Chemist: 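Sharing a structure, written as structure tokens. Questions coming.
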Amino acid sequence: MQKPKDVTTRGTAVRTHSINPHSSTVQIMGTSASATSQAAPFAPTHQADHQGNGMAEHRRSLQSVNIHNSKTKSIITNKVAPVVITNNCREEFQIHDKIQSSNYSMGRISDLLPEHYLVLGEFFMVQDIYNRADVLNTTKSHGAPNFRKVKGNYPLFGMGQPSLNGFKQVLQRLQIDGCEEVVFICVREEPVVFFRSDGDFIPYTPRGRENLHENLHDLDRELSAEQIELSIRKELCDFAKLSENMFYVYNDIEHFKDDPQQVQILSEEDIHVTEEVYKRPLFSQPLHRYYRLPLPMEGAPLEKTFDAFVNILRVTPNLSLMRDSSRPLPALLFSCQVGVGRTNLGLILGAIVFHHLQGASESPRQEIQKSEHKLDFQVIELLISHLPKGQQVLDEVDDAIAMCSEMHNIKDAVFENKLKLEGIGEDYQIQGKSTKAYFLQRTLQSLERYVYLLVFNAYLHDQYPQAFPQSFSQWLCMNAWIYRLLACMDSSELSAPASLITDGIRVLVSSKFLATDLLSTAKEMKVANFRRVSKMALYGMAQPNSEALAVVMSYLTDQRRGHSTILWLNLQEELVLEANGQMFTPREPGSLEQPIPVCVQHPQKLQEMELTLKHDILRCEKWLGVITEQDKQMRMFKTCHTIEELFVHQKSVHPGLSYQRIPLSDCCAPKEEVFDQLLEAMKSSLAEDPNCAFIFNCHDGKDRTTAAMVIATLTLWHINGFPECEEDEFVSVPNAKYTKGEFEVVMQVVRVLPEGHRVKREVDIALDVVSETMTPMHYHLREIIISTYRQIKMAKSEADAQWLRLRSLQYLERYIYLILFNCYLHLEKKDSWRRSFSQWMSQVAARAGVYAILNHLGFSEFENPDDSLMARLRFRWLPHSAQFIPMF
């Protein structure tokens, strides 16, 4: 007898080949093994008897396979898999049982309902659409819930999730309406599978026990929805084999009437995945196309999603600007679960595309009633003012939104969320968050969706006529100023009432609590961490009060130093006041270490807000809770001053003192315009007095102050000449190259820059020089990159690990920006830096691919950068706190 082929299956008997018909039985070790008269059903994996005897394992495998009695003659047990010989000795089967080793999970929704197998280890299969979801009542008439055509003449349609027969009905309806070509786009990101039922296939989705009404999102970033659906189908087939070809599903998650219900699964053909439901009917319609474009439930799509949509435009000749205008436009059909939120977003994208194809003359602007709500947001105003044809871009998007607003209006959603946010009085908890945090997030998500529509329309204006030489992702990297603008989308602090302090919602935190005096200078200079760069008129410190300010000014203007001209640069972006002689800044009671940055377009706005806060504190005349270096205390403030008022007083004593505020974000790379402001401030001061001294301060004199001192050091070296550079020392410490900043992404930038190695070396020298002034701090802007990254492995929680990852990326980016700034100083020096660093970055560095590199920032030596959202400019440049950093 021939050796049976090694055929792998999932717990089924598979034909391998024919054998000698004259053999009646097969003797194994002197016995003849016969099949049992009736096969036993599969035992659950976790109930399997784990015996050490291999033959016993094969016998259990045999019992778990349902083989018809008349077919089985003999069984050969062996160490590989049982072999079954049919009764007529014409066929031989080998059984490979992998189901029992899969360790599938079981569970139940409640104690009153039966236990059964769970999809993907934890989810229940729930009928996708409930009757009340079909608000437009179109399921019977059109085949899908909430089927509709947008207002106007565009062939643009939306709908909810149909069954297989329902989708066929939709296609027939479109054909009757004269749609020769249909581009159907499913915008669902969650997996959907379809069970056979009464001659149709009905959609079901996996849901979690805690929220059976909510679809699953972000199940696995490495797997597509189609791949997850295939995995689910394979599991369902296994479950059916384990449960007499039946599986439990839920149709009524409100009352669980007659639930769970059993569906029969005999083979994979009893279950369809989304691709099968939508693609198979298209074989009879050669001009129809199907795509899956997952859109998020909230917020704006990722850039790669816009890229995928643009690819649809690229590969559809009838959606090209070079199309044959005598042919009708193809119908665009979008579908999500109920046909509202994500379908609405798809419809708006389609309407914008049709506007570009047919022009404003075809847009039914007069017959469409727009939203009455004007979105008064700073980010929209700034975006429109900076975009070419900005007002036209906005008007076109507003027209598209109005056309598609039968079931949902994006602008109304922004306005309503903002209204709810502003109407909240006393804060309380909702869905585990404060009400204000919840509605702030909802407002920002709906605003982000609207703003990205504006940006995408601007992209179409630029790229559509050229047939999209750049993807949306590439275009945004070439226009990275848009990311900077979007990072300031949350302007809620601008409207935060000053009474948050006097009402006890926020607390004032003393600078002595926040600024540890690591350099031990407070005793002599009355301010923490005072220091000077060797042989240069550059100084740094923490935030001084009026007493410390007077001491520092006397020190700088005495006979020994003799600085007659001094430029003081305050780098704080949070509100700061002096009250009763101490410096205070507002903080949230539960996050005393976390600053509250205020995103302003001009620093003068910070002064105005500090004045308002000062007047409110003095006017309230009551005891306020404050945090000092010891503990929480109650204080009544008799005097209160803004920072600018302190410097106005000192200027009357020292006329050579000038003061500027240039807000800088903590731990981050300075924005391009911050480099511009620092350089311009220094150039202007040096033009008046070449011996001008420069002083920098932030709240503790550490992070932001050090970064600004390095920028100033490089600037002065370019003006006055570089010191002699020593050769690189050989360092034998393991992984010393990372301490020296030689990360792959850094060296990638260095290779792009003219004389990149020299430029990096000069930055390293500047970092070392500034670091020497603060040795007790053990703080070096370059060395902190790898030291922070290495702490990730020791993080106590996933949230802490993500926070450390973000910080290490921000430190890495800051180091790269210092290198880029030094390169700019070299290349633009011949023109006295008339072109700003911002302009140089957009006009020169961006074209060299610098922003594209920064858009994939990470430690590729140790991990895949794209595994983290923070590798992207869009997410890394947003303001973050340790409490609300995205998990990824």
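Since this is a predicted model, take the numbers as computed values, not measurements.
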Chemist: Of the non-hydrogen atoms in Leu592 and Val507, which two are nearest, and what is the gap between them?
Modeler: CD2-CG2, 3.7 Å
Chemist: Report yes or no: does Arg805 contribute a side-chain atom to a donor-acceptor pair with the main-chain N or O of Leu809 at less than 3.5 Å?
Modeler: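 Here the side-chain-to-backbone pair does not exist.
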Chemist: So, taking the atom named OG in Ser808 and the one named CZ in Arg790, what distance separates them when rounded to the nearest 0.5 Å?
Modeler: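 Rounded to the nearest 0.5 Å, the OG-CZ separation comes to 12.0 Å.
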Chemist: Please report the closest heavy-atom contact between Ala498 and Thr612, naming both atoms and the distance.
Modeler: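 Of all heavy-atom pairs spanning Ala498 and Thr612, the closest is CB-CG2, 3.9 Å.
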Chemist: Under 3.5 Å, is there a donor-acceptor pair between the Tyr738 and Glu783 side chains?
Modeler: no
Chemist: If you measure from the Lys or Arg side-chain nitrogens to the Asp or Glu carboxylate oxygens, is any gap between Asp517 and Lys512 under 4.0 Å?
Modeler: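 Not counted as a salt bridge, because no side-chain N and carboxylate O are separated by less than 4.0 Å.
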Chemist: Can you tell me how far the CD1 atom of Ile792 sits from the CZ atom of Phe859, to the nearest 0.5 Å?
Modeler: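 So the CD1 of Ile792 and the CZ of Phe859 are separated by 7.0 Å.
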Chemist: Please report the closest heavy-atom contact between Cys488 and Cys599, naming both atoms and the distance.
Modeler: SG-SG, 2.5 Å
Chemist: Tell me if the centroids of the rings in Tyr789 and Tyr811 come within less than 6.0 Å of each other.
Modeler: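 Not under 6.0 Å, so no.
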Chemist: Do Asn822 and Glu762 pair up side chain to side chain, a donor and an acceptor below 3.5 Å, judged on atom types alone?
Modeler: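 The answer is yes; a qualifying pair exists.
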Chemist: How far does CG of Leu818 sit from CG of Leu820, to the nearest 0.5 angstrom?
Modeler: 9.0 Å
Chemist: Relative to each other, are the rings of Tyr483 and Trp877 parallel, tilted or perpendicular (30° and 60° limits)?
Modeler: perpendicular
Chemist: Is Asp703 salt-bridged to Arg814, cutoff N-O under 4.0 Å?
Modeler: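 Salt bridge: yes.
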Chemist: Does the side chain of His699 come under 3.5 Å of the side chain of Asp666 through a donor N or O and an acceptor N or O?
Modeler: no
Chemist: Is any side-chain heavy atom of Gln660 closer than 4.5 Å to one of Gln677?
Modeler: no
Chemist: Given side chain to side chain donor-acceptor pair (under 3.5 Å), test Arg531 with Thr706 step by step and report yes or no.
Modeler: CA-CA 10 Å; Arg531 61 196 186 277; Thr706 304; 3.0 Å; yes
Chemist: Inspect the contact between Asp764 and Arg761 and indicate whether a charged nitrogen and a carboxylate oxygen are less than 4.0 angstrom apart.
Modeler: no
Chemist: Could you tell me whether a side-chain N or O of Glu381 sits under 3.5 Å from a main-chain N or O of Gln378, the two making a donor and an acceptor?
Modeler: no
Chemist: Is there a donor-acceptor contact under 3.5 Å linking the side chains of Gln543 and Gln572?
Modeler: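 The answer is yes; a qualifying pair exists.
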Chemist: Among side-chain atoms of Lys829 and Tyr824, is any donor-acceptor pair under 3.5 angstrom?
Modeler: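 Their side chains do not contain a donor-acceptor pair, so the 3.5 Å distance test is not met.
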Chemist: Taking the side chain as everything from C-beta on, heavy atoms only, tell me whether Leu716 gets closer than 4.5 Å to Met682.
Modeler: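 Yes. Closest side-chain heavy atoms under 4.5 Å.
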Chemist: Any donor-acceptor pair under 3.5 Å linking the side chain of Asn697 with the backbone of Gly540?
Modeler: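 No; zero donor-acceptor contacts below 3.5 Å.
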Chemist: If only atom types and distance count, is the side chain of His386 paired as donor or acceptor with the main-chain N or O of Leu382 below 3.5 Å?
Modeler: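 Indeed, once roles are kept as given, a pair shorter than 3.5 Å links the two residues.
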Chemist: Decide whether Ser838 and Asp676 meet the rule of one side-chain donor and one side-chain acceptor closer than 3.5 Å.
Modeler: yes
Chemist: Work out which heavy atom in Arg876 is nearest to a heavy atom in Leu854; give both atom names and the distance.
Modeler: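 Looks like NH2-O, 2.8 Å.
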Chemist: Looking only at the side chains, is there a donor atom on one of Glu772 and Ser534 sitting less than 3.5 Å from an acceptor on the other?
Modeler: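 The answer is no; no qualifying pair exists.
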Chemist: Near Lys535 NZ, under 6.0 Å, is it more than 12 heavy atoms from other residues, nucleotides or ligands?
Modeler: no
Chemist: Can you tell if the side chain of Phe743 reaches within under 4.5 Å of the side chain of Tyr815, non-hydrogen atoms only?
Modeler: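 No; the side chains remain at least 4.5 Å from each other.
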Chemist: Count the heavy atoms belonging to other residues, nucleotides or ligands that lie under 6.0 Å from CD of Glu688, then report whether that count exceeds 12.
Modeler: no
Chemist: Answer yes or no: is there a side-chain heavy-atom contact under 4.5 Å between Leu567 and Ile695?
Modeler: no
Chemist: Does Arg506 form a salt bridge (charged side-chain N to carboxylate O under 4.0 Å, His left out) with Glu493? I'd like the steps, not just the answer.
Modeler: CA-CA 13 Å; Arg506 286 179 176 171; Glu493 283 301 321; 2.7 Å; yes
Chemist: Can you name the nearest heavy-atom pair linking Leu781 to Val710, along with the distance?
Modeler: CD1-CG2, 4.1 Å
Chemist: If I take atom CG from residue Leu577 and atom SG from residue Cys640, how far apart are they, to the nearest 0.5 angstrom?
Modeler: 4.5 Å
Chemist: Any side-chain to backbone donor/acceptor pair from Thr557 onto Gly562? Under 3.5 Å, distance only.
Modeler: no
Chemist: Got Ser511 and Thr585 here, is their nearest side-chain heavy-atom distance under 4.5 Å?
Modeler: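 Sidechains of Thr585 and Ser511: no contact.
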Chemist: Among Arg835, Arg834, Gln839, whose side chain to side chain donor-acceptor pair (under 3.5 Å) with Glu828 holds?
Modeler: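 For Glu828, the side chain to side chain donor-acceptor pair (under 3.5 Å) check succeeds only for Arg835.
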Chemist: Heavy atoms, side chains only, cut-off 4.5 Å: are Glu578 and Glu645 in contact?
Modeler: no
Chemist: Kindly state each residue pair satisfying ring pair (Phe, Tyr, Trp, His ring centres under 6.0 Å) with at least one member in residues 700-721, sequence neighbours excluded.
Modeler: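 Ring pair (Phe, Tyr, Trp, His ring centres under 6.0 Å) check on residues 700-721 returns Trp717-Phe722, His718-Phe722, His718-His826.
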Chemist: Report, as yes or no, whether the 6.0 Å neighbourhood of atom NZ on Lys683 holds more than 12 heavy atoms from other residues, nucleotides or ligands.
Modeler: yes
Chemist: Can you measure from NZ (Lys526) to CG (Asn545) and round to the nearest 0.5 angstrom?
Modeler: 10.0 Å
Chemist: Quick one: closest heavy-atom pair of Val626 and Phe637, and the distance?
Modeler: CG1-CZ, 3.7 Å
Chemist: Test Trp568 against every option in Tyr659, Tyr539, Phe647 by the ring-ring contact (aromatic ring centres under 6.0 Å, His included) rule and name the one that passes.
Modeler: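 Among Tyr659, Tyr539, Phe647, the one that satisfies the ring-ring contact (aromatic ring centres under 6.0 Å, His included) with Trp568 is Phe647.
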Chemist: Apply the test side-chain contact (heavy atoms from CB on, under 4.5 Å) to residues Val509 and Phe584: give CA-CA distance (whole Å), side-chain angles for both, the deciding distance (0.1 Å), then the verdict.
Modeler: CA-CA 5 Å; Val509 180; Phe584 291 94; 5.8 Å; no
Chemist: Are the side chains of Glu680 and Phe837 in touch, meaning some heavy atoms are under 4.5 Å apart?
Modeler: no
Chemist: Under 4.0 Å between a side-chain nitrogen and a carboxylate oxygen: does that hold for Arg661 and Glu610?
Modeler: yes
Chemist: May I ask you to decide whether Glu573 forms a salt bridge with Lys671, counting only side-chain N to carboxylate O separations under 4.0 Å?
Modeler: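 The answer is no: the pair does not qualify as a salt bridge.
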Chemist: Any side-chain to backbone donor/acceptor pair from Ser665 onto Cys668? Under 3.5 Å, distance only.
Modeler: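 Judged by distance alone, no pair lies under 3.5 Å.
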Chemist: Rounded at 0.5 Å granularity, tell me how far CD in Glu621 sits from OG1 in Thr502.
Modeler: 12.5 Å
